[in-house]
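So the structure is just underneath, and the comments pick up after that.
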Amino acid sequence: MASTPIIVSPSGSVPPARGDSARPDADLLEGLNPQQREAVVYRGPALLIVAGAGSGKTRVLTHRIASLLRGREAWPSQILAITFTNKAAGEMRERVAQLVGNASQGMWISTFHSACVRILRREAEQFGFTKSFTIYDSGDSRALIKRLVKEHEADAFGHSPASVQSRISKLKNELEDAESFARQANMSDPAERVFVEVFGDYQRALRKANAFDFDDLIGQTVYLFRAFPHVADVYRRRFRHILVDEYQDTNAAQYALIHELTRPVQGQAPEPFEQGGMMIFEPEPQGGEQLPGASLTVVGDSDQSIYAFRGADIRNISEFERDFPGAKVVLLEQNYRSTQNILDAANAVIRNNFDRKDKKLWTDAGAGAKIVGFTGYSQHDEAQFVAEEVEALHRAGLAYSDMAVFYRTNSQSRALEEIFIRSAVPYRIMGGTRFYERAEIKDALAYLTAVANPLDDMAVRRILNRPRRGIGDVTESAIARYADSEGISFRDALANASALGVGPKLQAAIAQLDAVLAEASEVMLPATGELASPTAVADGLAMLLEKSGYRQALRASKDPQDEARLENLDEMVAVAREFARNNPEGTVVDFLAEVALVADSDDLDDEAGQVSLMTLHTAKGLEYEAVFVTGVEEDLIPHRISANEPGGPAEERRLFYVGVTRARKRLHLSLAMTRAQFGEISVAMPSRFLQEIPAELIDWRQSPGDVNGRGGTQSRALNARGQRSGSGNWNSRLRHDDPPALKPRSTSLEKFPNRIPAKVRDNGDMVLAAGDRIRHEDFGEGRVDAVTGEGAKRVAHVRFDTAGAKKLLIKIAPIEKL
DNA sequence: CAAGGGGCTATTTTT
DNA sequence: TAGCCCCTTG
């Protein structure tokens, strides 16, 4: 992203704040409650805002920034605001812009990771990297680690690539590097020695490839600041106000980064200087040699800490006052999002986490609707309920985009998706197999990386035989050996195909690849001084895909999935064009960095009228009118694996709490009595969290007791809607100490097999018109009211005799014409 | 060297 | 179940 130069007053000094008489920020305080105001106007070295869910923290944060600017207490360029997702950053930038106009342009509002990329990009040459370094995402580093584990035969010592990867990641999050770890490792343990070797090799490989992995982005920035204090001082002088959102999710490395940035600066301020296209003028040190540390504002809620598994340390927030003596603490407990019933449920659940500061959310919005509970016989039954409920809410006037469905694990989305497709409910899945993780997209990016950062061996090796060029392991090793012996990179070795001692066919294939990459370099990396055309990245990518034969191979393939892959590649080129529009001066390197750092939760576009499906983790920070939390079962939430992890169950409870508190008006909690996992159907039990919610808050459409009691012979779809069973006290029957009551007889299990046929049917050619009668596998007979849409997306609006009105996607609905 | 088959195993959350 | 890895065959 290109930074806009901000010219500040030549004196470089900050204008004094005006007196209280006519606060320039008076309008910023309107409509805020006293605690929120306090959080906006407090001035001091350190401020902790403990913000319960829905308590308006983004509002407070943005108003605080605006107030600093309005009062002329800070220049935009002196503000650094850090969030965890790009989406949150974008939202914050937008809201600040609404308050202060384009003064917001000069601020850094970004994620930890992108802020560090920006810093590293400027300083990379200080410590042996080049400006065009690339970023390894977890897939890339897994591939590299896999290779190293194999090389070292580390699996013989019980090291799987996954375990090595997570261990390295954990160490890096603790700011431990390969050397420091080696020094204190128990080297008499052979397993430990092997791990040290793999770790060391991994780090050396990264350095050689001129690449950072995700964790390095933070860790290496801290290292940079510590090893080169004069570099750190530049940023300490620049950023006078640092604000961190979701502070409870910071890990040790991020914590250290914040600490480094907020240290006082010793010595004289240097002359104003220019760097990276940005003018930075320093304020004079206030009356002395030493410039005090930047003021730090952190916002967080320890009840929403859900990332301990990736190193987040809740102590960062709970011990903030100890870390920053004299810190001011402001508590925001009034909730502006949810109804009291929803908050009561949330409070009741989170209360069971013992070592927490008591905090109670409240609202004056009224009790609102009761929470709706539903127990399905199977996950499909549960999904059917969700789909029907979504439709009912939609008919009642709620937009699809105001509804969301949450689940604990990505694999749960499948059942929901199948039913949603069949019911023609528009939906959108966030996360899961992300676009950027698809093989063809990773290939396309590897092509770009090979051009942008020729030192990145992993990227070059990845595309070596994609599309198939007849280059296999043997040839790859030959190239690697040659590169090693000549002391050149893998990429450069390709230019010497004839020296590799491989057959003529292979030589030609390698030379061809080399030529394509070279040609693309000329398009995308013009000689220094010359500016690449804004569309260079997109053009270069299109060219690479065409001339490498990649697209041709897909076009020629008879695998039906390859058509979709081609479309994905088109989409990728479109993304590159979009990037060029937004960043006219962006280079391939910038493009790759942006792509590496986007998460799927970032490209939520709200205008689309679609129900959002996502994991509970992805849901953090979002809110919806109506929320469905699905799969509220033991072993799912809390997840089975969490049981043995220290702090695991408590973290799961927070995760559930996060899900519940996303809802504004309506909350649905659902579960299934049986769930298919890896082909086996297993019995599920209601989550303990359900029992922590007072019974009177839940209106069970179908309680676990109902399902269990009736033995479950009827399919949900054939039941009349709205079967009330009251909030019967099913607890007594479903306590954890007597689960046997739940054990279904095998015969009843067979009545709820996976109701979705394994193979998706194709009714594509079925001709239906208003007035036709049809029979549906689940809903029975009905009459077609209308047919809308075209081609594969034709939808039949059917009024069923017993099941009511439904919309069906004709192509795949289990229907026959009568 | 590629492709296809068979057998195995791993199943959480993600910047 | 599905994705992965290894092995065999072409």
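Protein chains get the first letters and strands the later ones, always in sequence-line order, with residue 1 at the start of each.
Residue-level contact check: A:Arg654 touches neither bases nor backbone, having no heavy atom under 4.0 Å from any strand. Heavy atoms of A:Phe214 sit under 4.0 angstrom from at least one base atom. Within the nucleic acid shown, A:Ile471 comes within 4.0 Å of sugar-phosphate atoms alone, with no base atom in reach, counting heavy atoms only.
For B:dT12, its base never sits under 3.5 Å from the side chain of A:Arg640 at any donor and acceptor pair. Between the side chain of A:His617 and the base of B:dT13, a donor-acceptor pair under 3.5 Å is found.
Contacts of A:Arg167 classified as side-chain hydrogen bond (donor to acceptor under 3.5 Å, both in side chains), with partners at least two apart in sequence or in another chain: A:Glu192. Considering only residues two or more places apart in sequence or on other chains, A:Glu417 meets the salt bridge (Lys or Arg N to Asp or Glu O under 4.0 Å) condition with none of them.
For A:Lys146 and C:dC5, the shortest distance from a side-chain N or O to OP1 or OP2 is below 4.0 Å. Side-chain nitrogen and oxygen atoms of A:Arg468 include at least one within less than 4.0 Å of the OP1 or OP2 phosphate oxygen of B:dA3. Note on A:Ser138: every side-chain N or O is 4.0 Å or more away from OP1 and OP2 of B:dT15. OP1 and OP2 of B:dT12 both lie 4.0 Å or more from every side-chain N or O belonging to A:Ser411.
A cation-pi geometry, defined here as NZ or CZ lying under 6.0 Å from the six-membered ring centre and within 45° of its normal, holds between A:Arg310 and A:Tyr307.
You can call A:Phe309 stacked on the base of B:dT13; the centres are under 5.5 Å apart and the planes sit within 30°.
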